[in-house]
2 protein chains.
Amino acid sequence: MAKYVYSFGEGKADGAGSMRELLGGKGANLAEMTSIGLPVPPGFTLTTEVCKAFYDNNRAYPDGLMEEVRQALETLEKRMAKGFGDRVNPLLVSVRSGAPASMPGMMDTVLNLGLNDQTIQGVIEQSHDQRFAYDSYRRFIQMYANVVKGMDGSILENILEEVKEHKGVEQDTDLSADDLKQLVSDFKASYRENLGEDFPEDPQEQLWGAIGAVFGSWMNPRAVTYRKLHAIPADWGTAVNVQGMVFGNMGDDCATGVAFTRDPATGENYFYGEYLVNAQGEDVVAGIRTPQPINRAKHKDGDLPSMEEVMPESYAQLVEIRAILEKHYRDMQDIEFTIEKNKLYMLQTRTGKRTAHAAIRIAVDMVKEGLISEKDAVLRVDPEQLDQLLHPSLDPKAEKQILARGLPASPGAASGQVVFNADEAEEQTRLKKKVILVRIETSPEDIHGMHAAQGILTARGGMTSHAAVVARGMGKCCVSGCGEIKIDYEKQQLTTKSGHIIKRGELLTLDGSTGEVILGEVPKIEPEVSGDFATLMSWVDQFKKLKVRTNADTPRDSKVARDFGAEGIGLCRTEHMFFEGDRIQAVREMILAENLEGRKRALDKILPMQKSDFVEIFREMKGLPVTIRLLDPPLHEFLPQTDDDVSELAHAVGLRFSEVKDHVAHLHEFNPMLGHRGCRLAITYPEVYDMQVQAIMEAACELIKNEGFEIVPEIMIPLISHVNELRILRANAVKVADRVCQEYGVKVDYLIGTMIELPRAALTADAIAQEAEFFSFGTNDLTQTTYGLSRDDAGHFLPDYIERGVLKKDPFVALDQRGVGQLVQMGFEKGRSTRPDLKVGICGEHGGEPSSVIFCHKIGLDYVSCSPYRVPIARLAAAHAALQDH
Amino acid sequence: MAKYVYSFGEGKADGAGSMRELLGGKGANLAEMTSIGLPVPPGFTLTTEVCKAFYDNNRAYPDGLMEEVRQALETLEKRMAKGFGDRVNPLLVSVRSGAPASMPGMMDTVLNLGLNDQTIQGVIEQSHDQRFAYDSYRRFIQMYANVVKGMDGSILENILEEVKEHKGVEQDTDLSADDLKQLVSDFKASYRENLGEDFPEDPQEQLWGAIGAVFGSWMNPRAVTYRKLHAIPADWGTAVNVQGMVFGNMGDDCATGVAFTRDPATGENYFYGEYLVNAQGEDVVAGIRTPQPINRAKHKDGDLPSMEEVMPESYAQLVEIRAILEKHYRDMQDIEFTIEKNKLYMLQTRTGKRTAHAAIRIAVDMVKEGLISEKDAVLRVDPEQLDQLLHPSLDPKAEKQILARGLPASPGAASGQVVFNADEAEEQTRLKKKVILVRIETSPEDIHGMHAAQGILTARGGMTSHAAVVARGMGKCCVSGCGEIKIDYEKQQLTTKSGHIIKRGELLTLDGSTGEVILGEVPKIEPEVSGDFATLMSWVDQFKKLKVRTNADTPRDSKVARDFGAEGIGLCRTEHMFFEGDRIQAVREMILAENLEGRKRALDKILPMQKSDFVEIFREMKGLPVTIRLLDPPLHEFLPQTDDDVSELAHAVGLRFSEVKDHVAHLHEFNPMLGHRGCRLAITYPEVYDMQVQAIMEAACELIKNEGFEIVPEIMIPLISHVNELRILRANAVKVADRVCQEYGVKVDYLIGTMIELPRAALTADAIAQEAEFFSFGTNDLTQTTYGLSRDDAGHFLPDYIERGVLKKDPFVALDQRGVGQLVQMGFEKGRSTRPDLKVGICGEHGGEPSSVIFCHKIGLDYVSCSPYRVPIARLAAAHAALQDH
């Protein structure tokens, strides 16, 4: 039979720190701390298995649990030398939840459990402190009513406030024992009135009530939502910790505090914490009294005396424990402690949450201190967390006119034209405009617009509002809850508090790290990899096996990525170049040309521009491989859609309005994602790819010939579904490439390969590899086709899917390993089966998402390619993957 | 070393009938006929390997070929007792191409090769017929110039005409020997003038010239196109047959003819053929003289005397040979023969092409005659050919006003509103209108409209025009080349010869079997399976293992399919029911409803209608399984698009125009194929599927309870990409179904399954099968997503892909076995791995295409499901598949 209850105390524990899944994080660490001799109040843990059984069995406890709890309680009574419900020397306990992963939203803590009208007398006798006893009692009733019974916390809080007002005092501590005794009585009356039952006097009933509340809270809507958002399986369950009470509020020789063994914001190696004399834990957190620092380090004027000064002995003991904990856990700890009558008790330790800055500094420092190895350091930093450090920020030297301030909901800085709805955000972005999406608040229907926009500004909603959560998920700058602005959708404008009006199309800048909304466009500075970050990344490169390239279409992006450690370009999209400046005009001429000759004439205009792009990119990436994807989008994306724009174009190219309009209509597609694009265009109009290949090869030849570069251009043909497409286009490309080489008299090694972005390409990769020297998995499109799910349209329902757990993760963010990943692996293996030296990477956005990078490492790809700002994330994830191999 | 040349003659042959790949059809049959003792002029065959080597080796012949030809020619000289180039007793030969498959467009025949100014003298001496000799000579020069040298045939033909005019005669046969001798001289002069070289006098040069022309013609544009259209691999190559000449034009005891051993149109068992006295083969085909029937059967008034009467002995011998051939080949033969001086020679035999009617009759008759087994009979009929018999035709009793007549380009009959462009055809069809697409001529850009239309009418283009070929490929009724009508795109109308004007939107009926264009809508009658067809189909069912179901949404379709032998419904689409009559109003109310309550109110209106549909369909399919697919298309398909229609709807549902307009805009999708549809709708709006499941189950319960039916409804949930979707929707469906059963107090066995139509579903079929009792592969959508190819948009380029051989076959017609088929097989095997009794079928349009049916049999599916009119095709293909297993 399973063991459901694990006891700890007096230096002995049934459990251990490694049993986090069974005992929850808190329970496991209480056991661990007990075992290594730290002063932990004894107690016991009901395992997560109980929780699972509870839900599997229609909310009934498993057989035998009652008896195990009875025995554990008996042991606890012995260890505490007190009796549960004993009116002379009563044992009071705390009941806390403790899941394997930290879980806000669940029932947290009930303290002082075991108090009733009988046992209070024992507490008074033992503590000689009637005030303390009644204060504990009224707190217990408050917590029990609120946390266990779900009674609105403000009801009892209001009674407390009334009493304070009545007595003319400001602090709870100013209430007398009699006041508190009266309060207990008032609380119980209110309890009865609101809950329709008496406050339970039976400690056993109290205990099981609290245990049941912890297990019940596992399925709280908030807890469920949190699990969804953090991909925590519902079947993990929570544990319940029952622990003997120690009191920080039994007088001035008592205290309670929380601390981090290092500074969690900066990572600096000093002991950072706060404490309160004569208080229970909740007081520190609740912010009713201002906590005091635990030591004089970083002491600021006005700070109250520190624990180091007030309780030097306990402080010294805590410092010692800090060292023991860091040595034991080899990581920064977040601890809770209580001092009862000058005796220090440890109530909790756990790995401390930290900013990305702190994570890096702590990891690097601990290597220097000999606490951990470089490998450990690399594994200590969460790749995804680096995102915090990798957004552009506003140039601090730039002038800025701040219009309003909202919440710093998602870091980074962004500028763009204001638009007021998601569709327009998307439309303008398609037209290569940069936009800021401004909404009163966002809903799942806005997702596509949020995706398209540079940044998001909302008037309503907090840090966990839809806009904030989604924007953070997207790594997109967001200022939320900016109540200072009034948004008028009808007039398409926003008005600031000062009466400044910003109309649709005007420029705004957002600072997602400060919450500032700024007029116009503010210069930005790029994030850098320097100092400890650079040190860590240098270790990363020792371990990782996967290469990390970048997706970059411009010399600027190429430089950014290179500075971030990119080892080449994995995807250079050429169509972006088609939109720039005057080029779009030539591109449109090409599309509207009546015949091959007309198209060639237009392509001749584009050729030198494309060539100069490639020259610059090759130069920026000197010595590194560059994969250039030939034209991919359907032609209609290059044509104007509104009548005004059509008219303008008709005028420019000397056609009638109706002719251009007809052409636009003719190119309309029902499902452009599945339409006449990619290699299909080149089968119809080979001259387009011919021009591009010529531009690539001329750029390479010139740099090789004139500047002695070594370049192996990788020419990538997109959207292959059948090997015959590649066979034809490869032959065309080879013809052009060889002709250019001959003209320049230069021998250039070049590779021709393909995107694997359609299921059929992966399924027939053995045939396709016979015509391809490299594969690059285009996992964005591969996800779209494998799921039959348009990214542009998924906003209508995908957020709801994630919210409700139909899908655990957005497959456009984290590679769906079981489905899409299966195709990637199949494509890779089939490709290598017919061409053993096939170069293989991925270039979808998954290339910068840690779990996807780890997958790519596992199946054996050569590289991943991701956006410049995610290169360090991918590098770190690649190192994690390599280190986890062993 | 390979043997390149195969001789035959004097009852002996190096080759045999089974060597069709190596010797071509003609060569193999010449060898076979020689071996079985039939009178065949001796000769030899250059193999298809020579052709392959010729092209592999930059149009040079393989080593050793010259020597083998020399030896074969020597043998031929011996067998004919004549010398090639010998001026006393010269050997003349024919040179003919002969590919493994019949191949129009290639060089066909050169006769009388070996003639020159020297050998003509020998011919004169041997034949004692100067006129014959010069006639043969001038024919040879004509053929050589045209066929071998590519000189325009009309040039020499005109000279011949001038001479006839000059001489005042009408028939070639009226020219004298001297006239012909002069003609030879004139022809040679023209030859020199036009080709810049002398006519070759050297017989060896003539021979190699002709051989080279045959091999060269393999890559003729026409031959290349034909191969593309008929999926004949270019690397098969052609053989060349060199055969001693025999002469049907050496006097009135000579003749030449062609015959079928049975009537190729009806299949009737009588000897059907035509012949000409004193003529060469080309004369029969050319139609210059009217050929005579070979026998008195089916003799009509005005027919010339038959061969049976004129040459009774040769005829008797031919009848004997007919019997030998049918017994030997056990199939109807298409033969060519020549009689030289009362001696009969067989020049060719091959399996005769026949109509579907004839194919069936011959197969059934031959079983009765004991020539072949039932199994053979089944294998003799091409499943695809049955399509000819399975189209509706106009009711012969119906009155009809014929407006015009064109070519009967693709059989069947169709009625609909006239539209003049492909986009509109598609648009109207989306709106559930039936249309006839009328075009001056069609191009690949019209394909999507042709697909959508009921039938196609063109003013220009013959039986092999784009419209005709594509329509036949689609099995769609087409009248082409209807020059009597004038089409005015500007005015959107057509005008008949008699001045009748038909405007856009008016009703027309086409009869694709007669070429008639008829005013209004004419009643149609359904094809039937009766007589020999029914006999054959009864044998089919003995052999096939795969079940054949049908895709049917109406009681009428269900009945048609059942009459054609369908064994159940594999796909009943419920959305079609949503469009009928008043229902669309309720559906639109549902879509526009603001909340669940409003949607449920609208669904309550639809419920009884859906239920009555199901009752009728269950009744029609009594005792057979019925798979019902729940709602699949995106909601916007049900909403109006034009402002007028939006306005009407707004009025009807009591909303403002702008509200409805906004709703329509909100539901717009960029890629509806990959959008919010199928099960995704039901995750968002579970009440829709709940209503449908309720309707299905109530229908079943009523029939079971009141009429004692046995029904096992199969409820199919579409567009599953992740098992969680199915898990949720299955649980919902079970809840509703069980509730209905309880209400009716009836126990109904029902199955819940899913379409596998997205790659991810196939890839994760092991998981999905745990929630599905059956799979039905939706190969239409699976093809779209696997290829990343929208069927709606493929018209822009897919025809060109097929034309140019990038893809061998349209993957929407014949299942792409390597790619999509791989997913089908994977899905099937994975599904069965976790649920061994999983029922599996396919319900895409591939279910009625023979090669796809055979594939489904091979991988082990339980059934295919196809449109009602293709059920017999699928049954026959299934039998072929089973018989080919052994």
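Note on naming: letters A, B, ... go to the chains in the order of the sequence lines (proteins, then strands), and numbering restarts at 1 for each one. We use all heavy atoms of the structure for the numbers below, so side chains are in, but hydrogens, waters and symmetry mates are not.
- A side chain to side chain contact (heavy atoms under 4.5 Å, CB included) with F775(B) is found for exactly one of I756(B), I720(B), I842(B), namely I756(B).
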Name the atoms and distances for all side-chain donor-acceptor pairs under 3.5 Å in residues 676-683 of chain A, with sequence neighbours left out.
{"residue": "H676(A)", "atom": "NE2", "partner": "R680(A)", "partner atom": "O", "Å": "3.3"}
{"residue": "H676(A)", "atom": "NE2", "partner": "T684(A)", "partner atom": "OG1", "Å": "2.8"}
{"residue": "R677(A)", "atom": "NH1", "partner": "M673(A)", "partner atom": "O", "Å": "2.9"}
{"residue": "R677(A)", "atom": "NH1", "partner": "D781(A)", "partner atom": "OD2", "Å": "3.3"}
{"residue": "R677(A)", "atom": "NH2", "partner": "D632(A)", "partner atom": "OD1", "Å": "3.3"}
{"residue": "R677(A)", "atom": "NH2", "partner": "D632(A)", "partner atom": "OD2", "Å": "2.9"}
{"residue": "R677(A)", "atom": "NH2", "partner": "D781(A)", "partner atom": "OD2", "Å": "2.8"}
{"residue": "R680(A)", "atom": "NH1", "partner": "G675(A)", "partner atom": "O", "Å": "2.9"}
{"residue": "R680(A)", "atom": "NH1", "partner": "G788(B)", "partner atom": "O", "Å": "2.8"}
{"residue": "R680(A)", "atom": "NH2", "partner": "Y787(B)", "partner atom": "O", "Å": "2.7"}
{"residue": "R680(A)", "atom": "NH2", "partner": "G788(B)", "partner atom": "O", "Å": "2.9"}

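- Side-chain atoms of E659(B) come within 3.5 Å of backbone N or O of R656(B) as a donor-acceptor pair.
- Only the side chain of I728(B) has a heavy atom closer than 4.5 Å to any heavy atom of chain A.
- With a threshold of 4.5 angstrom between heavy atoms, A767(A) approaches chain B through its backbone and through its side chain.
- The backbone N or O of L631(B) lies less than 3.5 Å from a partner atom in the side chain of Y689(B), making a donor-acceptor pair.
- With a 4.5 angstrom heavy-atom cutoff, H668(A) touches chain B only via backbone atoms.
- A donor-acceptor contact shorter than 3.5 Å is absent between the side chain of E424(B) and the backbone of F420(B).
- Using non-hydrogen atoms only and a strict 4.5 Å limit, the part of residues 820-827 of chain B facing chain A consists of Q822(B), L823(B), M826(B).
- Neither the backbone nor the side chain of E757(A) comes within less than 4.5 Å of any heavy atom in chain B.
- In terms of heavy-atom pairs under 4.5 Å with chain B, the best-connected choice from R430(A), Q784(A), R727(A) is R430(A).
- Interface check for chain A: of the options N724(B), L789(B), L719(B), L758(B), the most heavy-atom pairs under 4.5 Å are formed by L789(B).
- Between V813(A) and H846(A), the shortest heavy-atom distance links the atoms O-CD2, 3.4 Å.
- Checked for salt-bridge contact, D235(B) and R227(B) miss the test: no charged N lies under 4.0 Å from a carboxylate O.
- For the residue pair R791(A) / H451(A), a side-chain donor-acceptor distance below 3.5 Å is found, with atom types taken as modelled.
- Side-chain polar atoms of H448(A) and D793(A) form no donor-acceptor pair below 3.5 angstrom.
- When the candidates L667(B), D423(B), T764(B), T786(B) are compared by the number of heavy-atom contacts under 4.5 Å with chain A, T786(B) comes out ahead.
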